[in-house]
Each structure stands twice: as C-alpha cells, then as structure tokens.
Amino acid sequence: DVKVTQSSRYLVKRTGEKVFLECVQDMDHENMFWYRQDPGLGLRLIYFSYDVKMKEKGDIPEGYSVSREKKERFSLILESASTNQTSMYLCASSFTSAPPYEQYFGPGTRLTVT
Amino acid sequence: RKEVEQDPGPFNVPEGATVAFNCTYSNSASQSFFWYRQDCRKEPKLLMSVYSSGNEDGRFTAQLNRASQYISLLIRDSKLSDSATYLCVVTRQTGANNLFFGTGTRLTVIP
C-alpha cells in the first residue's frame, strides 16, 4: 500500500512565524504535491515537484515555498505565517510514468495561525 | 468557467436509494478522470477511475461523456457508510499528471 505521511496532524502558530510542513512517501513516486483545502473552495494546488530539486508553482504559490532535497520528502514552508494561511494542508504523490495519474494523499495538517 | 464544476449538495437519501452525481469539466484535452471520496476531516481517497467505456465497481458505476464533457457517478443501494463528500477530478492537460479537483458533492445516507 502507498503510504504518505505528514509531520503533524494539528499545528498552531503565531503570525509572522516560519512554518515547516513535512511530507514523506514510501512508494518511490516521482511527483509530489502540496494543496490547501478550504470550505467551499476545494483543493487548491500550491506547489508541485516532479523530481528531486525541481519545483513548479501551482495556482496559489504566494506566501509559500517548497523544498525537495530527496525523492521521498517534500517540504512546504510558510516564510511568515499569516492568519489567511489557516487551512488544511494536504500532501500527495503520484507516478509520472503513465496514466491514469491518480494521486495518493497524506492525512493532512490542520494549521491554525493566530 | 471553473475547470471542474459539481453540485455541492447536500444530497440526503434514505438507505437503499440510488443516487447520481454529475460533474462537468472545461478542458476538452483532459485525459484522465476520477472520483475521489473524502470522509469528514480525512484525506481524499481514490474511489475509482473513469474510463470512456464506463466502469462499474460493485454498487458504484462511473460514466464519461467526452462530447458533453461530463462525468457521472451512480451509487446503488446506498449504505450509511457511503456518507461522504465525492470529488470529481480531471487531469489539467494532455499527458500531464496534475489534477483539478472539484469542490465536491456531499452525500448523507439516512437510516
């Protein structure tokens, strides 16, 4: 079974803090993704990576950065947390090689910025 | 126009009922289609892929209409455990591995 793990289930941070969210997958997937999910807005793609040290902006990259130093690990960084970044953050991974490209998700990190 | 549009519901149906969800997508070049299921406060999980010929998995049937750019999910003999949000998902562009997720349709099955 594919396993995607995230470092924390719940996180509370103060405005202006630097926040690191970690994601690890154990299936040797090339692609990894970070989404945020908000009520009424669904899942929105923040960043994705299709290889080590490679990254691409998604739909809402502002205020975020990412790091992928190893194939199995993809980190999301909030440089200076703000209250509008309070959300559920979901990491996902998938194979590149062939369709149908389904993605496998971690359990999510519910981040509250106060 | 949104990439993927779904009726948010909620759909409240009695146990044993048949319920159908539809979803429309805007990118005619999309190649892969899925239904994901998301339980309350949990991550989305793949329910089934959707193929051009349609496919069935037990009580669940998925259909794709490329000409009209819509996808459907039919659930027969609804169970209480089917209560969840169902997300319609399509690929963003030809051959790509990025997905657009719909905002989901919420289903509650009532005893």
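Values in this document were obtained by computation on a predicted structure and should not be read as measured data. No hydrogens, no waters, no symmetry mates; every other heavy atom, side chains included, goes into these values. Throughout, a chain's letter reflects where its sequence line sits, starting with A, and its residues are numbered from 1.
- A salt bridge between A:Glu79 and A:Lys18 is present, with a side-chain N of the basic residue lying under 4.0 Å from a carboxylate O of the acidic one.
- For B:Gln6, no part sits under 4.5 Å from any heavy atom of chain A, backbone or side chain.
- With a threshold of 4.5 angstrom between heavy atoms, A:Gln37 approaches chain B through side-chain atoms but not through N, CA, C or O.
- Outside the 6.0 Å centre-distance limit, the rings of B:Phe101 and A:Phe33 are not counted as a close aromatic pair.
- Looking at A:Ser87 and A:Asp38, their side chains do bring a donor and an acceptor atom within 3.5 Å of each other.
- Residue B:Pro8: no heavy atom, backbone or side chain, is found under 4.5 Å from chain A.
- Looking at A:Leu90, the atoms closer than 4.5 Å to chain B (heavy atoms on both sides) all sit in the side chain, from C-beta outward.
- Within the 4.5 angstrom heavy-atom criterion, only side-chain atoms of A:Arg110, from C-beta onward, approach chain B.
- Using a 4.0 Å cut-off between a side-chain N of Lys or Arg and a carboxylate O of Asp or Glu, B:Arg37 and B:Asp39 qualify as a salt bridge.
- Not a single donor-acceptor pair under 3.5 Å links the side chain of B:Gln38 to the backbone N or O of B:Gly104.
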